[in-house]
Amino acid sequence: MSHYLPLSRVARLVGEPRSEIQRRIRAGELATFDGQIELDELLRVFPNVKWQDDGEYEHVEEIKRKAFGKRVMERALPDKEVLAERLYELGREFAAAKSLLIHYDRVFGWLDDRLLGFAEDDPESADALMAIRIWLRRQLDEAPGEAERAKALLAEESVMRVMSVHVEVRPSGHEFFVEGNDTILEAALRAGISLNYGCSNGNCGDCKVRLVSGQVKKVHPHDYVLKEADKAAGAILMCSYTPITDVVIEASVSGADDIPEQTIVTRVKEVEFVDDDLVALHLTTPRSQRLRFLAGQRVTLNAAGLAGEYAIASCPCEDRHIELHIRRDNRPFSRMAFEDLRKEVPVTLNGPRGSFVIKMDSRRPALFVAWDDGFAPIKSLIQHAMSLEVAETMDLFWVSDALPHYQDNLCRSWADALDNFHYRALTAVDGIEANVETILAGHPNLTHFDLYAAGPAAFLDRLKLAAVERGLSPLGWHGEIVL
Ligand code: FES
């Protein structure tokens, strides 16, 4: 009996990023079948991994948790009804495996008897038949190679499947885990995957998707009435259901053009003076609302009759928290942010706008370049890319007047935590030309890269020209002018 595991679960079991597992698959080091990895293949490719020792994984997750303030790997138990159903399903699986083993044992006994009977009836073949019987018995009595490691792996995986259930989204291929008492929708949003939804509470039907395989349980009632034809086709509402087993759903992932304009009255959670000329404004949306946006998009802020448009610096995976970086300048909203904005002041937020977003279907290495507070949308993109694990490697270059750069420690913590993330702080005093040279010096060939850059137009123009000369495809360029 073969046992297959999805890539995301393999990444968790071996304590490596999903992008590293994908790299091994592309390099032909790890074989897959239908997008999954077989148990024996896993044991072969990772001979030294101790399954219970997920210290490395926990380390990375801890950094992510600190960096994002995000509940990434909270091993919270689901509620008792969901837990009971997951355990019941696991029990059914073990019962099926056990009855199959009992059946195999009977078949073996029958085969053994038949061989013995043939040997007695045919003395000429008796020696050969007896040798086969002995060989078969020895094979059955011998513990299979790697038995202990296989047992440990299966035990760890079984616990994981009770604590966190895997969801695959088709046709996009996105994957995420549902932990604790989350619905499928809540878990998708925490993972930064932009699935379609509206009210979040079972009224509008916008979160309707098709359940392709697996089992789910309704954990929140919904007023929206699913038609009989919908139910027959496997329709469920993501905001009402949680998975009991690993599931596959059919749903479309929203692009920048699919997200409706929203107006939300938020409250100031904190006005953080990161240096003399920049504040990080932290807003909280109402309990029942969260802003739908993609990392890298902008919103208009309005408070006390003064408005300003700014890039969001936080990740869409961060629940109700929105962070924006406001530079000190002559814009009315900027002046108010430095002088009058206080905790709990209402700020109306309208948007999102813009198409400077992560290429969800790309697994290519990503080069992120920020000039000054162009770091805001870049920060949002990087956190989203980390959450989705879309890029094979990530390099961040940040050019700024002020040294050290604000939130420099955050960038360094990313670099410390993730093997595939590199960070370099550069100084604006060196000018555009020298900085472009420095940024691209380590990348003579950008043919297979995605380059995301945010800063003044003159810098972006020069960077794009130099990057294209190094083979960057026009489709690999993503620029956002920051005034
Ligand atoms: S989001 Fe409205 S019903 Fe689910």
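Both counts, for ligands and for their atoms, begin at 1 and track the order of listing. In this text the structure is predicted, and so the values were computed from the model without any measurement.
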Ligand-residue contact atoms, ligand 1 with [X], heavy atoms, under 4.0 Å:
| X | result |
| --- | --- |
| Gly198 | 1 (S) |
| Asn203 | 3 (S) |
| Cys199 | 1 (S), 2 (Fe), 3 (S) |
| Cys207 | 1 (S), 3 (S), 4 (Fe) |
| Gly202 | 3 (S) |
| Ser200 | 1 (S), 2 (Fe) |

N, O or S of Cys204 under 2.8 Å from atom 2 (Fe) of ligand 1: yes
With Ser172, the side chain to side chain donor-acceptor pair (under 3.5 Å) member among Arg170, Glu168, His174: His174
Greater than 12 external heavy atoms within 6.0 Å of Glu272's CD: yes
Arg161/Glu93 ion pair, N-O < 4.0 Å: yes
Carboxylate-amine/guanidinium proximity below 4.0 Å for Arg190 and Glu179: no
Residues His405 and Gln407: side-chain donor-acceptor under 3.5 angstrom: no
Contact flag Cys239/atom 4 (Fe) of ligand 1, N/O/S atoms, threshold under 2.8 Å: yes
Parallel, tilted or perpendicular: rings of His325 and Tyr406 (30°, 60°): perpendicular
CA sep, side-chain torsions, deciding dist, call: Cys315, Met386, side-chain contact (heavy atoms from CB on, under 4.5 Å): CA-CA 10 Å; Cys315 175; Met386 283 180 185; over 6 Å; no
Minimum-distance protein heavy atom relative to atom 3 (S) of ligand 1: Gly205 N, 3.2 Å
